[in-house]
Amino acid sequence: MKELCKLGGLLMLITTIAASALAGIYNVTKPRIEAQKALQLERALTIALPSAPREAIFPVQDEDVILYYVGYKTPEKKELIGYAFVSHGSGYSSVIETMVGVDTLGNILGMKVLNQVETPGLGTKVEEIRHGDDAPWFTQQFIARPAGQVAVDKDGGDIQSITGATISSRALTKSVVAAYEKLLADKAKPN
Amino acid sequence: MSVVREFTKGLYKQNPVFKQALGLCPTLAVSNSVESALGMGVAVTFVLLCSNSIISLIHKIVPAKIRIPIYIVVIATFVTIVDLSMAGFLPALHKTLGIFVPLIVVNCIILGRAEAFAGKNGIGLSIVDGLGMGIGFTIALLLLGTLREFMGNGSFMGIPVMNPGFEPVLIMILPPGAFLTIGFVLGFFNWLENKRAK
Amino acid sequence: MDKKYFVSSSPHIYAQDSIPKIMYTVILTLVPAAIGSIYFFGLRALWIIAIAAVSAVATEALLQIMMKRPVTVYDGSAILTGILLAYNVAPSVPLWLPAVGSFFAIAVGKMVFGGLGHNPMNPALLGRAFLLASWPTHMTIFSAAVPKGGTVSGIDAITTATPLNVLKAAQEVLRHPQNFSPAQKMEASEAIGQLYDSLRELFIGRIGGCIGETSTLLLLIGAAFLMYKRYIGWKIPFTYVGTVALLSWIFGGADGLFSGNPIFHVLSGGLILGAFYMATDMVTTPITFAGRVYFGVGCGVITVVIRQFGGYPEGVSYSILLMNLLTPLLDRWTRPRVFGGKKTG
Amino acid sequence: MGFMSSKSFSGGIHPPASKKITESSSIVKCPAPPAVIIPMQQHIGAPAKPIVAAGDAVRIGDPVSESGGFVSVPSHASVSGTVSAIEARPHPLGGKVLSVVIENDGQEKWRDDIGFDAKYAELSRKEIINRIQAAGLAGMGGATFPTHVKLSPPPDKKIDTLILNGAECEPYLTADHRLMLEEPERIIRGMEILFKVLGAKSGAIGIESNKMDAIKVLRQKIAELNLPFKVYALHVKYPQGAEKQLIKAIINRRVPAGGLPMDIGCVVHNVGTAAAVYDAVAYRRPLVERVVTITGAGIKSPKNLQVPIGTPFSHVFNQCNGLTQDAGKIIMGGPMMGLAQSDIEAPVIKGTSGLLVLTEKQSRRKQELPCISCAHCVDACPMGLLPKMLGQFVKHERFDDAESYHVLDCIECGSCAFVCPANINLVHWIKNGKLRVMQKRKKAN
């Protein structure tokens, strides 16, 4: 019994020290981690709504959930530029998450893939930047097309799908269409 | 003399990957590019260094019965530190390594060195041992990462090194490529060893 | 009376079979399919077959010299591996592809394990799997491989995909009708109808696909000769094809159970080539009677599962590779009953 | 395979018969050699003990040895003359074995009491068995199991079927075939005696259907003597003459693994043995000569000879104008199960059904290649074994595995090695494995 207490006590002591050390580290890194996340979002938003300054993009929330973003020309909410939203599509081996920006008519202004773990060399080409370009060629094709109707060539659309990665290409187009329809529905909801 | 020996043994003679076949899970999983191999190697080396020194300091007061849980707590602490710092300062690398950073906790190299070395030696030698083993592990990862990235992507550290006509052997950066590469590398070292033994 | 006589254990006479004889006979029976592929796809098919075979032989010889072992490339097994690998690639692949594939097939699929007789998996299929994983674009695009006098798919309007690809796409539409427009649905059912009308083309081989897999007719001529010579048995091919036919009849249709067209499924893709030439590879298949039956059924089940529910339109090669791995277990589980003995293990 | 005719068995092979060489040459008497060598071990079981000494005079039929136990038979002088030595001499089964050497005086004097016993039919069962043992009878098909032992089953084994084995499935051999054609009466009479001794209810003779003439002759003889025996024409397939396969083919019963035919109420004798039984019982004539097929491309004039037991092979070959220049291998027995001989001075023994001489070219086995698991051996095995696995187990010294894969059930028929395209001598490995497993079992007891 006595030994058990001793062992337990020692274990307790060590875990307490470890826990305190971690608490310290957590506090130090937390702001940085959040800043990183914010930075990523910001970058995506800038790509999605290139003509809206960051300060002029506002989230539209339902409770704590961000439904979409609204972008204006100025921070004073003047001159509506468009909306940005995140689409989710099941690809070949992961859910492809994309930030999409559209103008008020629903034409795509910009796109940035946030997350994907597709097959390297095939599905990952949704983010491939060709030599000499400065933006991924696949998502560039979407720009200026109506978000409600994008489709890959195999489904009768104009988006040239990635060779050998039809599933990933299709996932992206379909998710954009679906997310755009959701955006329309969300916008119709009274806030 | 023995300091040098404890350091160099991890590099080749007792290389954790090539000679002891330890830590194969992260070796196989994150060696598809030089960049992630390097990141993983550094992370493991850091954890190994810290856990080896702490464990060599406390091993005298730790009863044998609960030494494993205590070692694990120590290791887990440092792994979490690495994980959090990486997320804060190197988010891109953190994203690529993903689950494999937390999994360093169960990497058998670290617990193995704690049991086999740090739990029996003083802090000085333990640091040297941890450093040697960590660098040995990093070298192994880098070798695999270089081979796989070169063959599977035609690049080094993300920079294309082959002419544009090169069609990369995609399988090499996919999971089967890891097994193929490590099989051939281990075979090569065994062949070398056999040749030297003759 | 000093003469020394040979002394050896019985028996003292032997059948005339030998490994080289078996190998070269199998190669010979593959010739009709090769001629067919040259006719349908042009001389490029011949080049690919030749390159794959030469590469396989060269790899084996080179490795045997390097390992200081006797060079046994004359036994024909490497040539056979090379030819089968070539039969498993599209006629449009770049010419270096079969060379690399043969190298991998022999080096990693065979020599690493100790050479002839020791490889656990069919080397040609392993080579194909390697190529598919490494250069998927070359391996899955058939649009440049239009056979003489036909189309890739067997449907006039569709020029880019093999019959199984078309079927898979059309079934996708019909099984999830809510996602597609009525026009698309019409098109899909029409495509399936036309596919089922193209059975004659499928049988002759006037459709797209890998070099050696398209002509059921020519493959069956060769296989029949092999069966007559008893170099391949009936168990694996017939159970394999039978299982695929049965399961694709049950699950292969777009209109629910029992609506599939078994003949279409048997004739399309690489099933005939796989069932008669690769699932019957002696080294990597069971030696027992029951083991061979289970092997064929297992291949059939996996093929249909991949074709109907998997990501790829074709599943023959993976099904055989997976069952290859089960071979030692099948042999262990299906030990025959000893004459006059009770059932064992 | 799958479809099993009742007149056959599963597995088996079709080697070239090669019987044309001698099947139409009638049995010719071989002149007695200058000296015969009578080994003390010509049967399975305990060796016999010599009962003569150097210098003793013997006549044909005089016993020169006595049984060394129940499973043992005596041997008899096959020439008249003088015992010149009792010493170890080369033996066809290998090595040297204690043998009685008799110088032939050329008189061909027989023992006095040999002659027809008109009252043999009245003998009791016991007396018949004694006569058979005294005559030194051992199975003449090649396995040389003492005949009287097979006729004395334990009381709990009821024998209902007697089968005579005239299959002669070994390629090249025609000794039994000629005997059936030329001496049907001795065979059937002998069978009648065996039938009576065993108290069997049915009697059958199994003959491969490539010997239709013999089948016809025996059927005629049976009808003539008005006996209830049946002659079955069997599929031509090796090893049709193996005991278990023969029983399966004729009465569709399976001898249990590790068991004997008597376990299923059956006894099998060779046709040659039946003829010798008739001689032994009706004439009190011991086994001193037998029919031997001398054949093969290495023999100048192949023949079927009636050879005195103990005649050296060299003497037999001389009767056939000797061996050809390119003779490469001498085999006692058939090509499938026979034993290669290193010494042509070894004598003909009771189990010598043939002497096969192959040319050098035929003798060379091609180089062994790696096994490609073609399973031809599995399909060929008449015992339902996996010869490929057994061979590999033995090669890697995994004798426990070999035992659990029933290595001891192998009948060494050679079908697996015959069909092997990789030229692997599976029989060699399996024989080795059987030996090691047996040694292990002995040690365990």
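Note that this is a predicted model, so its numbers are computed, not measured.
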Below 4.5 Å, heavy atoms only, C-beta onward: do D:I344 and C:Y5 meet side chain to side chain?
yes
Restricting to non-hydrogen atoms, name the atom on C:Y231 and the atom on D:H376 that form the minimum distance, rounded to 0.1 Å.
CD2-CE1, 4.4 Å
Looking only at heavy atoms, what is the nearest atom pair of C:I287 and D:S373, with distance?
CG2-O, 3.7 Å
D:I372 vs C:L116 side-chain heavy atoms within contact, under 4.5 Å:
yes
Under-4.0 Å salt bridge between C:R292 and D:D379
yes
Partner chain D: residue of C:T327, C:I19, C:V7 with the largest heavy-atom pair count (under 4.5 Å)
C:I19
Looking at every non-hydrogen atom in both residues, tell me the closest pair between C:P336 and D:G384 and how far apart they are.
CG-O, 3.4 Å
When rounded to the nearest 0.5 angstrom, what is the spacing between CZ in C:R230 and SG in D:C374?
13.0 Å
Note: C:S9 and D:N425 closest approach over all heavy atoms is O-ND2, 3.5 Å
Mind checking what makes ring-ring contact (aromatic ring centres under 6.0 Å, His included) contact with D:F317, not counting sequence neighbours?
none
For C:Y14 versus D:A417, what's the shortest heavy-atom pair and its separation?
CD2-O, 4.0 Å
Sort out for me which of C:S8, C:G233, C:A15 touches chain D most, counting heavy-atom pairs under 4.5 Å.
C:A15
If you round to the nearest 0.5 Å, how far is CG of D:L358 from NE2 of C:H12?
8.0 Å
What's the spacing between C:R332 CZ and D:M389 CE if we round to 0.5 Å?
7.5 Å
If you tally heavy-atom pairs under 4.5 Å between each of C:S18, C:P286, C:G117 and chain D, the highest tally belongs to C:S18
Relative to chain D, which segment of C:I13 carries a heavy atom at a distance below 4.5 Å: side chain, backbone, both, or neither?
both
Go through the atoms of D:L323 and report whether side chain, backbone, both or neither lie under 4.5 Å from a heavy atom of chain C.
side chain
How long is the gap from CG on D:L369 to OG1 on C:T72, to the nearest 0.5 Å?
8.0 Å
Nearest non-hydrogen partners of D:K329 and C:F6, listed with the distance:
CG-O, 3.3 Å
